Amino acid sequence: MFRHFSLIWKSTLRNKRRTALTVLSIALSMSVLGLLMAIFNMFYNEGSSSAQANRLIVRNRVSLANVLPRSYQARIARVPGVKAVAIMQWFGGVYKDSRDTRNFFARFAVDADKVPLIYPEYQMPPDQLKAFVSERTACAVGNKLASRLGFQVGDRVTLVGDIFPVTLELTIRAIYTAERDNENLLFHYDYLNESLEPARRDFVGTFTILMDSPEDAPRIAQAVDAMFRNSPYQTKTETERQFELSFLAFLGNVKAFLGSISAAIMFTILLVSGNTMAMSVRERIREVGILKTLGFTNGKVLAVLMGESLVISLLGGLIGMTLTAMICAGLREAPSLFTDMSRLATPWWLLGACLAVAGCIGLISSLIPAWSAARRPILESLRVTD
Amino acid sequence: MSEVVIETRNLTKRFSRGEQTVTALRDANLEVRRGDFLALMGPSGSGKSTLLHLIAAMDRPTSGEIRVLGQDLARMSDGEIARWRNAHIGFVFQSFNLIPVLTALENVELPLKLTRLSKAKRLEHARRALELVGLADRLRHTPRQLSGGQEQRVAIARAIVTDPDLILADEPTGNLDANSARDALTLLSRLNQEFGKTIVMVTHDPHAARAARYVRYLEKGELLPDGQKPEDW
Ligand SMILES: Nc1ncnc2c1ncn2[C@@H]1O[C@H](COP(=O)(O)OP(=O)(O)OP(=O)(O)O)[C@@H](O)[C@H]1O
Ligand SMILES: [Mg+2]
């Protein structure tokens, strides 16, 4: 096979423009496929961090948009195996000009004093932590967010609420460093709660449970949900990892969505590559006759023709995977919009698998034209004039 | 007398196109010995190419027997025939049939790629074949950069590079001007005389036929007996 590589290679260069266009369209399609696979991998394959494994999230059984009474906090804390329970309230709101996506970041109202216990991965200097916990209007921001918006300790941040009809005047007292979720702003739940009209007070979106041991997760989740089964606000308790996935599901059927787009992309590549190969083979029927006269068997002719398609699709795949790696690197740095992209990795096995997919598509797409050309009788092939 | 390398008995080839059946070759009995240079002549459509293709096993006969270089071609599979042709047959076409994207050297090297020879050996053989046809200075040229006469000489180099027992040529001078035609014929004569190659050449040209040692004629699919010409030839 390899000794025929120069023939294959020169054949792909015969019609340079067509080959270049085919390679390019495969490259673009493959880069999108690679990106989808990287996203899929990030959502469903990346394991949870060790800190995450110790946490459960409690939310309203109906949906994320429904709330729970604050009084649940104390009752949940009494379930055996629960070390601590903290309020975690999503605060939508607007910071400065909301049309600039840089100004978008997640804001949570939390039990400030419980942050270091429940989120040990958020590292901050002790004096900053103390300042954050002790001041009612203090807030803490993640290091990536801080560097994006140039935040410094002491800066003032004004958040205009949308879900909550309040305007919060916050002062940055701490900058925490973390591997992920480092683009959030955390502030005191009490400050938010007291700013609200009495009727809306004392409701919470989610609670975060810190467990003694991850093994207790199923038992604790069941105990908590059972405790509120007969109340007007039923709960759903799941691991933080599951919660992230159900948050995604909130956006739609992500798996089916990614899957159907991937299938459409692969089908497109199949058509593009198949069309090119059909054209290329048709122009070379006579050459097939020549090769066979020289002693090439049907199998060798098939290998040469399919090899050409393989080279084109692998070339496209290679460029596509380079693009994927670049896009993912860009997204990792970009501000998070709906989910934390900083874990959008492109491991070698993923790029390799996509490349193999490209190669397979190349082979499949050329199989029919190459096979029908290869098995054509010599004299019939030679009679074809170009 | 030397050994018989081509032997046919009642060799017949019919082509059917729908209802119609054309008998391109009827009951041909031919014997060619090692070292012969045979020219096949006859009017257009008389079956010359058909006979040559059957000898090269590029097509299979409708009936009759054919033995080439001691092989009963009817008993060989397509794969065996391909390998056999690579090793033993050199074929020269009227329209050269070089691969346009390859250089002269690569075109000549091509049949050797099916052998076990190393790259260095392959190139050495290819270079020597091109030297033999007088194109040592055109190795890197592609067919498009060569004249018709040069292209045909590359094609001849390709046909002899595997050192085949049998060279088959179908109107090799048909597309050439007088000078190039003479060069090509001189080359074939040399291959026959100096290298002892057995050659069967189809031609329309009486000049060309003179390069051969003897001539057999075909008419309407019949191979005429030795020494007999078609009427009004
Ligand atoms: N594939 C085919 N299908 C049908 N008929 C064919 C086929 N090949 C050859 N023939 C017919 O067989 C006959 C002999 O053809 P062949 O090509 O052997 O003639 P030829 O002597 O080589 O003629 P020319 O000098 O024109 O090349 C012709 O009548 C031709 O039309
Ligand atoms: Mg002919």
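Below, all heavy atoms of this structure are taken into account, side chains as well, without hydrogens, waters or symmetry copies. Just so it is clear: chains get the letters A, B, ... in the order the sequence lines come, proteins before strands, and each one is counted from 1. Predicted model, so just to flag it, every value in this text is computed and none were measured.
- In this structure, OG1 in A/Thr297 is found 10.0 Å from CG in B/Asn86, a value given to the nearest 0.5 Å.
- Side-chain atoms of A/Lys10 and B/Thr142 form no donor-acceptor pair, as typed in the model, at a separation below 3.5 Å.
- Remark: side-chain polar atoms of B/Asn97 are not paired, donor with acceptor, to backbone N or O of A/Ile290 under 3.5 angstrom.
- Taking 4.5 Å as the limit, some side-chain heavy atom of B/Lys113 sits within range of a side-chain heavy atom of A/Ser6.
- Under the 3.5 Å distance criterion, the side-chain polar atoms of B/Arg83 are left unmatched by any main-chain donor or acceptor of A/Phe296.
- Atom CH2 of A/Trp349 has more than 12 neighbouring heavy atoms from other residues, nucleotides or ligands inside a 6.0 Å radius.
- The greatest number of non-hydrogen atom pairs below 4.5 Å with chain A, out of B/Ala82, B/Ala56, B/Ala57, B/Ser49, is found for B/Ala82.
- The shortest distance between side-chain heavy atoms of B/Leu102 and A/Leu7 falls below 4.5 Å.
- Chain B forms the most heavy-atom pairs under 4.5 Å with one residue out of A/Asn298, A/Leu379, A/Leu13, and that residue is A/Leu379.
- A 6.0 Å sphere centred on CZ of A/Arg14 holds more than 12 heavy atoms belonging to other residues, nucleotides or ligands.
- Side-chain contact check for B/Leu114 versus A/His4: some heavy-atom pair is nearer than 4.5 Å.
- At a threshold of 4.5 Å between non-hydrogen side-chain atoms, the residues B/Met58 and A/Leu382 count as touching.
- Remark: A/Thr293 OG1 to B/Arg158 CZ distance equals 8.0 Å, nearest 0.5 Å.
- With a 4.5 angstrom heavy-atom cutoff, B/Leu168 does not touch chain A via any of its atoms.
- Annotation: side chain of A/Ile378 is in contact with side chain of B/Arg85 (closest heavy-atom distance under 4.5 Å).
- More than 12 non-hydrogen atoms from other residues, nucleotides or ligands lie less than 6.0 angstrom from CZ of B/Phe15.
- No side-chain donor from either of A/Arg3 and B/Thr115 sits under 3.5 Å from a side-chain acceptor of the other.
- Looking at B/Leu98, the atoms closer than 4.5 Å to chain A (heavy atoms on both sides) all sit in the backbone: N, CA, C or O.
- For A/Leu291, the part lying near chain B is the side chain, with the backbone staying farther off; criterion is any non-hydrogen pair under 4.5 Å.
- Residues B/Ser95 and A/Arg286 meet the side-chain proximity criterion, which asks for heavy atoms closer than 4.5 Å.
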